[in-house]
Every structure is written in C-alpha cells, then in structure tokens.
Amino acid sequence: MNLDATLAAGRAMAEARMRDTVRLIERGPGGFDRATGNSTPGPATVLYEGRARIRSVAQASGEDTQAGEREVRLLEYEVSLPWATQLPAGTRVLPGMEIEVVDSRDTRMVGLTLWVTGAQFGDQTTAWRISTEDRS
C-alpha cells in the first residue's frame, strides 16, 4: 500500500465533504471612542476564503461565561479546510482570529462568526483542522 496515494485519496474525500464557504479573518488593532464609550473593531484582512466543513464538536456541552455585561454560551466547532491551503507568507492561524460562515447548506449558519482557539497541523492528515468557538 502506498501511503502517499492513500493520503491523496483521503484528502480528495475530505474535500468532497467541504460544502460550506468561510472566510478566515485577521483583525488589526481596534479602537475605543471615549466620547461614545464604544469599541471599534480593527481593519479586517481576509487570509482565506473558500471551501470548508464545519461541524460541532461531539459532546460539546458549551460553557456559560460573561462577556462584557452579558451572559454568553461558548460552543465548540471544528472547521476543516483543504489540506493544501496556504496562507500569506509568515502568517499563522492564531487564537482570536475569526472565521465567518459565508455560505452553508444549513442556512442558519450563514453569518455566524466563529473565534479561533487553535489549529492542528500534520503531514498525514486529510484536512487542516481549526478549533473554534461560537460566543453567542
């Protein structure tokens, strides 16, 4: 059995299951308007836009926490991108980056923003998997 051929077949199957479209976004420093008391997000740089598979993490129970002055529930998702996805030179996926769901067959997900918590790398995987959470 040829490992490279097996991995190529697995990667093709993984990509066939990627039916969502996402944007991976890196934000620059935000600002704070003292007159209004509002924070403004920094400028967005799109690092990737394309196919993905989004799935909730099995047994994710969610965690209730405070954000600002409201309760939020953190739900975990895994976002799979094609294994060969390349980012601009010198760029790495870091916690705090955003993944925006642009299109999905589950229309309830469109517009959802997921926050990156980590990324897994490996030469013997079928997809590039990014750990995220929904903070709604």
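In this structure, N38 contributes its side chain and D33 its backbone to no donor-acceptor pair below 3.5 Å. W115 contributes no side-chain N or O that, together with a main-chain N or O of I99, makes up a donor-acceptor pair within less than 3.5 Å. When atom types are taken as modelled, the side chain of T132 and the backbone of L114 share no donor-acceptor pair closer than 3.5 angstrom. A donor-acceptor contact shorter than 3.5 Å is absent between the side chain of R11 and the backbone of A84. Between the side chain of R27 and the backbone N or O of G42 there is at least one donor-acceptor pair closer than 3.5 Å.
Grouping the Ile, Leu, Val, Met, Phe, Trp and Tyr side chains by contacts below 4.5 angstrom, directly or via other members, places F121 apart from L7. Residues V22 and L94 are members of one and the same hydrophobic cluster, defined by side-chain heavy-atom contacts under 4.5 angstrom among Ile, Leu, Val, Met, Phe, Trp and Tyr. Cluster annotation: I25 and V93 are assigned to distinct hydrophobic clusters (Ile/Leu/Val/Met/Phe/Trp/Tyr, side-chain heavy-atom contacts under 4.5 Å, transitive). Y48 and V102 are not part of a single hydrophobic cluster, where members link through side-chain heavy atoms under 4.5 Å apart.
Looking only at side-chain heavy atoms (C-beta outward), D103 and R19 stay at 4.5 Å or farther from each other. In this structure the side chain of T91 reaches within 4.5 angstrom of the side chain of L47, judged on heavy atoms. A heavy-atom distance below 4.5 Å is found between the side chains of L24 and L87.
For V79 against A52, the heavy-atom pair with the smallest separation is CG1-CB, 4.1 Å. Of all non-hydrogen atoms in G122 and W83, the two that sit nearest each other are O-NE1, 3.0 Å. A pairwise comparison of heavy atoms in L81 and R51 identifies CD2-O, 3.8 Å as the closest pair. Between M18 and A127, the shortest heavy-atom distance links the atoms CE-CB, 3.8 Å. Contact between G37 and F32 at its shortest, heavy atoms only, is O-CE1, 3.5 Å. Across all their heavy atoms, Q120 and S131 have their closest contact at NE2-OG, 3.0 Å.
Contacts of R129 classified as salt bridge (Lys or Arg N to Asp or Glu O under 4.0 Å), with partners at least two apart in sequence or in another chain: E78.
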**OP:** Take R135 and E133 through the test salt bridge (Lys or Arg N to Asp or Glu O under 4.0 Å) and record every step on the way to the result.
**Re:** CA-CA 6 Å; R135 298 178 180 172; E133 63 187 15; 3.0 Å; yes
Subject >> M13 vs T126, side-chain contact (heavy atoms from CB on, under 4.5 Å): CA-CA, chis, key distance, verdict >> reply: CA-CA 8 Å; M13 290 300 294; T126 58; over 6 Å; no
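Separating the CE atom in M97 from the OG1 atom in T45 is a distance of 9.0 Å, to the nearest 0.5 Å. Rounding to the nearest 0.5 angstrom, the gap separating the CD1 atom in I54 from the CE atom in M109 is 3.5 Å. Atom CD of E26 and atom CD of E98 lie 10.5 Å apart (nearest 0.5 Å). The OG1 atom of T85 sits 6.5 Å away from atom CH2 of W128, with the distance rounded to the nearest 0.5 Å.
Counting heavy atoms of neighbouring residues, nucleotides and ligands inside a 6.0 Å radius, atom CZ of R17 does not exceed 12 of them.
Across V101, L112, T113, a single residue satisfies side-chain contact (heavy atoms from CB on, under 4.5 Å) together with D134, and that is L112.
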